[in-house]
Amino acid sequence: MTTPLETTEPAAAQAAAGAGDERPAWRGTLRYALAKAGGALFSIAMVIVGTFFLFRLLPGDPVRNMAQGRNMTPDQLDLERHRLGLDKPLIQQFFDFVGDTLRLDLGTSYEYKRPVLDLIGERLGPTLLLAGTGLVIAVSLGIWQGTRAGWRHGSRFDRFSTATSLLLWSVPTFWLGLLLMMVFGVGVGPIPGIFPFRGIESVDAPDGFAYLLDVASHMVLPCLTLVAVVYAQYLLVMRSSLVEEISQDYVTVARAKGLRDDEVRRRHAVPNALLPTVTLVFMRIGFVVGGAVTVETIYTWPGLGQLFYEAVSVPDFTLMQGTFMLITVAVIVMNTLADVAYHILDPRVRSA
């Protein structure tokens with residue numbers, strides 16, 4: 001026969017063990033986050049090193065390109081190289097570049113004769129406006145279509161929406177942008193040109209609310225191009241996640257309890273299926289900072305993508321390095337946050 005002491009001791013031990021379970025779990029999450037942060041710092045360090053040497057491999061002499069149209073003697077070209085520090089040994093240029101980068105000094109643009117950080121700051125707003133708007137629309141459209149297609153997978157809507165999104169995803173961005181520009185910007189046959197397709201505003205842009213409408217009209221074609229080639233990712237991920245959740249036992253139990261089909265989808269299946277999509281959104285936010293180089297170049301949108309294209313055309317080493325590093329670091333940081341967020345949100349990952 002067991003005594004009260006014998007029965008309470010195991011219970012106390014189990015309670016103590018259960019109380020101590022939360023601390024290791026918290027520590028495990030912290031260790032995971034620190035490991036991911038360490039990996040991100042290492043990746044950023046490799047980006048800094050790779051950025052410097054990568055753009056030095058590009059053909060062309062930036063000083064000669066900047067001197068086009070001006071009669072400059074060889075001595076004047078050498079003086080300009082000395083002013084820019086391009087006559088220093090490559091290894092010395094590298095250490096100067098690393099030191100300046102750690103001090104958040106990205107140098108001065110060869111072409112614009114202005115600090116690179118100032119140029120990036122001016123172009124960051126238009127990029128966030130265009131790519132951010134495109135991201136919101138693409139996520140909303142992808143989740144809505146993915147939810148509807150996944151819940152009734154195999155239906156006519158599922159086949160049509162999946163095929164359409166895959167077709168648009170496989171189309172080259174520049175080709176789709178030029179096609180939309182030709183049809184809805186310039187006009188083809190009986191179809192008149194409806195939307196502007198150059199820049200962010202008209203030359204004689206009005207003030208007030210009319211100015212906002214003018215900017216919105218300039219955004220239509222580039223934003224439509226971005227959404228068309230991006231939303232398929234969210235649709236396919238959401239559809240696949242929801243199809244997997246439908247086969248889970250808790251969905252069967254919810255239906256057996258008599259819950260309406262719409263309620264089962266909205267309260268049970270969709271919240272769990274959203275986890276991979278949330279991770280994908282985090283990852284795409286990093287690309288929002290960089291913008292879409294192709295789209296901004298096609299529509300001459302004055303963002304970071306257009307700035308990077310202009311820097312490559314010169315070539316402007318300091319401007320290329322600054323914009324490329326900003327884009328790459330943003331992607332690395334957001335990917336790291338996505339990994340940590342997924343680890344926190346999904347208990348299956350924590351227990352793995």
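Throughout, residue positions are numbered sequentially from 1 according to the sequence presented.
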*Asks:* Find the distance between CG (L319) and CG (L307) and round it off to the nearest 0.5 Å.
*Replies:*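 Reported value, rounded in 0.5 Å steps: 4.5 Å.
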*Asks:* OG1 of T323 to CG of L304: how many Å apart, nearest 0.5 Å?
*Replies:*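 Separation between the atoms: 7.5 Å.
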*Asks:* Given 3.5 Å as the limit, does a donor-acceptor pair link the side chain of T328 with the main chain of M325, or not?
*Replies:*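 Not a single qualifying donor-acceptor pair exists.
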*Asks:* Indicate, with yes or no, if W151 and L236 share a hydrophobic cluster defined by side-chain heavy-atom contacts under 4.5 Å among Ile, Leu, Val, Met, Phe, Trp and Tyr.
*Replies:*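 The answer is no; the residues belong to distinct hydrophobic clusters.
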*Asks:* What are the two closest heavy atoms between L242 and V270, and how far apart are they?
*Replies:*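 Between these two residues, the closest heavy atoms are CD1-N, 4.1 Å.
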*Asks:* How about R31 and L34: do any of their side-chain heavy atoms sit closer than 4.5 Å?
*Replies:*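 No; the side chains remain at least 4.5 Å from each other.
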*Asks:* Can a donor-acceptor pair be found, under 3.5 Å and without considering hydrogens, that links the side chain of S165 to the backbone of T162?
*Replies:*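 Pair found, side chain donor or acceptor close to backbone of T162.
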*Asks:* Between R198 and W301, is the side-chain contact (heavy atoms from CB on, under 4.5 Å) condition met? List the steps.
*Replies:* CA-CA 7 Å; R198 295 290 183 187; W301 187 266; over 6 Å; no
*Asks:* Find the distance between CZ (R239) and NE2 (H153) and round it off to the nearest 0.5 Å.
*Replies:*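 One finds 7.5 Å between CZ of R239 and NE2 of H153.
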*Asks:* Of all the heavy-atom pairs spanning T277 and M238, show the shortest one and how long it is.
*Replies:*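 Residues T277 and M238, closest heavy atoms: OG1-SD, 3.6 Å.
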*Asks:* Once rounded to the nearest 0.5 Å, what's the spacing between atom CG of L235 and atom OH of Y231?
*Replies:*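 That separation rounds to 6.5 Å.
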*Asks:* Counting only heavy atoms not in D249 (residues, nucleotides, ligands), do more than 12 fall under 6.0 Å from its CG?
*Replies:*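 No, not enclosed.
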*Asks:* Distance check, rounded to the nearest 0.5 Å: D105 atom CG versus F97 atom CZ?
*Replies:*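 D105 atom CG to F97 atom CZ measures 10.5 Å (nearest 0.5 Å).
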*Asks:* Are V230 and W169 connected in the hydrophobic side-chain network, where two residues link if heavy atoms are under 4.5 Å apart?
*Replies:*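 Different clusters.
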*Asks:* Quick check: closest heavy atoms across P271 and R265, and the distance to 0.1 Å?
*Replies:*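 Looking at all heavy atoms of both residues, the shortest contact is CD-O, 4.1 Å.
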*Asks:* Side chains of N272 and Y250: donor-acceptor distance under 3.5 Å anywhere?
*Replies:*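 Short answer, yes.
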*Asks:* Sequence neighbours left out, what passes ring pair (Phe, Tyr, Trp, His ring centres under 6.0 Å) with Y211? Give chain and number order.
*Replies:*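 Testing Y211 for ring pair (Phe, Tyr, Trp, His ring centres under 6.0 Å), a comparison that skips the adjacent residues, returns none.
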*Asks:* Between T173 and T294 (side chain of the first, backbone of the second, donor and acceptor by atom type, cut-off under 3.5 Å), is there such a pair?
*Replies:*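 Such a contact is absent between T173 side chain and T294 backbone.
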*Asks:* State plainly whether the residues R123 and E296 are in salt-bridge range, i.e. N to O under 4.0 Å.
*Replies:*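 No, R123 and E296 are not salt-bridged.
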*Asks:* Honestly curious: do I246 and L274 fall in one hydrophobic cluster under the side-chain, below-4.5 Å linking rule?
*Replies:*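 Yes; L274 is reachable from I246 via cluster members.
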*Asks:* Do T297 and F308 make a side-chain contact, defined as non-hydrogen atoms from C-beta onward lying under 4.5 Å apart?
*Replies:*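 With C-beta onward as the side chain, the pair stays apart.
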*Asks:* The criterion is salt bridge (Lys or Arg N to Asp or Glu O under 4.0 Å); which residues satisfy it with D100, sequence neighbours excluded?
*Replies:*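 Here the qualifying residues are R103.
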*Asks:* Rounded to the nearest 0.5 Å, how far apart are CZ of F184 and CG of L224?
*Replies:*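 Rounded to the nearest 0.5 Å, the CZ-CG separation comes to 7.5 Å.
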*Asks:* Check step by step if side-chain contact (heavy atoms from CB on, under 4.5 Å) holds for F94 and L90.
*Replies:* CA-CA 6 Å; F94 171 71; L90 189 62; 5.9 Å; no
*Asks:* Is there a path of hydrophobic side-chain contacts, each under 4.5 Å between heavy atoms, that joins L221 and I194?
*Replies:*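 Yes, one cluster joins them.
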*Asks:* Donor-acceptor pair, T127 side chain versus L124 backbone, under 3.5 Å?
*Replies:*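 No, T127 side chain to L124 backbone: no donor-acceptor pair under 3.5 Å.
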*Asks:* Taking all heavy atoms of L130 and all of P222, pick out the closest pair and write down the distance.
*Replies:*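 Looks like CD1-CB, 3.9 Å.
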*Asks:* State whether the side chain of T164 and the backbone N or O of F160 hold a donor-acceptor pair below 3.5 Å, judged by distance alone.
*Replies:*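 A pair under 3.5 Å: yes.
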*Asks:* Same hydrophobic cluster for L167 and W175, using side-chain heavy-atom links shorter than 4.5 Å among ILVMFWY?
*Replies:*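 No, L167 does not connect to W175 through the hydrophobic network.
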*Asks:* Taking side chain to side chain contact (heavy atoms under 4.5 Å, CB included) as the test, write out the residues that go with L178, two or more places apart.
*Replies:*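 L178: side chain to side chain contact (heavy atoms under 4.5 Å, CB included) contacts with F174, I298.
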*Asks:* Compare every heavy atom of L168 with every heavy atom of V229, then report the nearest pair and how far apart it is.
*Replies:*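 Looks like CG1-O, 3.9 Å.
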*Asks:* Side chains of residues 40-53: which donor-acceptor pairs under 3.5 Å do they make with residues two or more places apart or in other chains?
*Replies:*
residue, atom, partner, partner atom, Å
S43, OG, G39, O, 3.0
T51, OG1, V47, O, 2.5

*Asks:* Hey, are the side chains of M320 and V312 touching, using non-hydrogen atoms and a 4.5 Å cut-off?
*Replies:*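 Result yes, sub-4.5 Å side-chain heavy-atom pair found.
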*Asks:* May I ask you to say whether D158 pairs ionically with R152, meaning some side-chain N is under 4.0 Å from a carboxylate O?
*Replies:*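 No salt bridge links D158 with R152.
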*Asks:* Could you pull out every donor-acceptor pair under 3.5 Å between side chains of residues 132-150 and any protein atom, sequence neighbours left out?
*Replies:*
residue, atom, partner, partner atom, Å
T133, OG1, L129, O, 2.6
S140, OG, V136, O, 2.8
T147, OG1, I143, O, 2.7

*Asks:* Report the C-alpha distance between F197 and L180 in whole Å, list the side-chain angles of each, state the deciding distance to 0.1 Å, and finish with yes or no for side-chain contact (heavy atoms from CB on, under 4.5 Å).
*Replies:* CA-CA 9 Å; F197 54 89; L180 292 176; over 6 Å; no
*Asks:* Can you name the residues that form a side chain to side chain donor-acceptor pair (under 3.5 Å) with S109, not counting sequence neighbours?
*Replies:*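 Residues passing side chain to side chain donor-acceptor pair (under 3.5 Å) with S109: D316.
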*Asks:* Within a reach of under 6.0 Å around OH of Y309, are more than 12 heavy atoms found that belong to other residues, nucleotides or ligands?
*Replies:*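 Check fails, neighbour count at 12 or below.
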*Asks:* Checking the side chain of D339 only, and the main-chain atoms of K36 only, is there a donor and an acceptor separated by less than 3.5 Å?
*Replies:*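 Not a single qualifying donor-acceptor pair exists.
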*Asks:* In the structure I gave you, are the side-chain heavy atoms of D118 and Y112 within less than 4.5 Å of one another anywhere?
*Replies:*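 Answer no - side chains too far apart.
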*Asks:* With distance as the sole test, does T300 use its side chain to make a donor-acceptor pair with the main-chain N or O of G199 at under 3.5 Å?
*Replies:*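 The answer is yes, because a donor-acceptor pair under 3.5 Å joins these two groups.
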*Asks:* On a heavy-atom basis, which atom in V237 and which in P276 lie closest, and how many Å separate them?
*Replies:*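 Heavy atoms only, the tightest pair is CG1-CB, 3.8 Å.
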*Asks:* With a 6.0 Å cut-off (strictly less than), is the heavy-atom count around CZ of R267, excluding the residue itself, greater than 12?
*Replies:*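 No, because the 6.0 Å sphere around CZ of R267 holds 12 heavy atoms or fewer from other groups.
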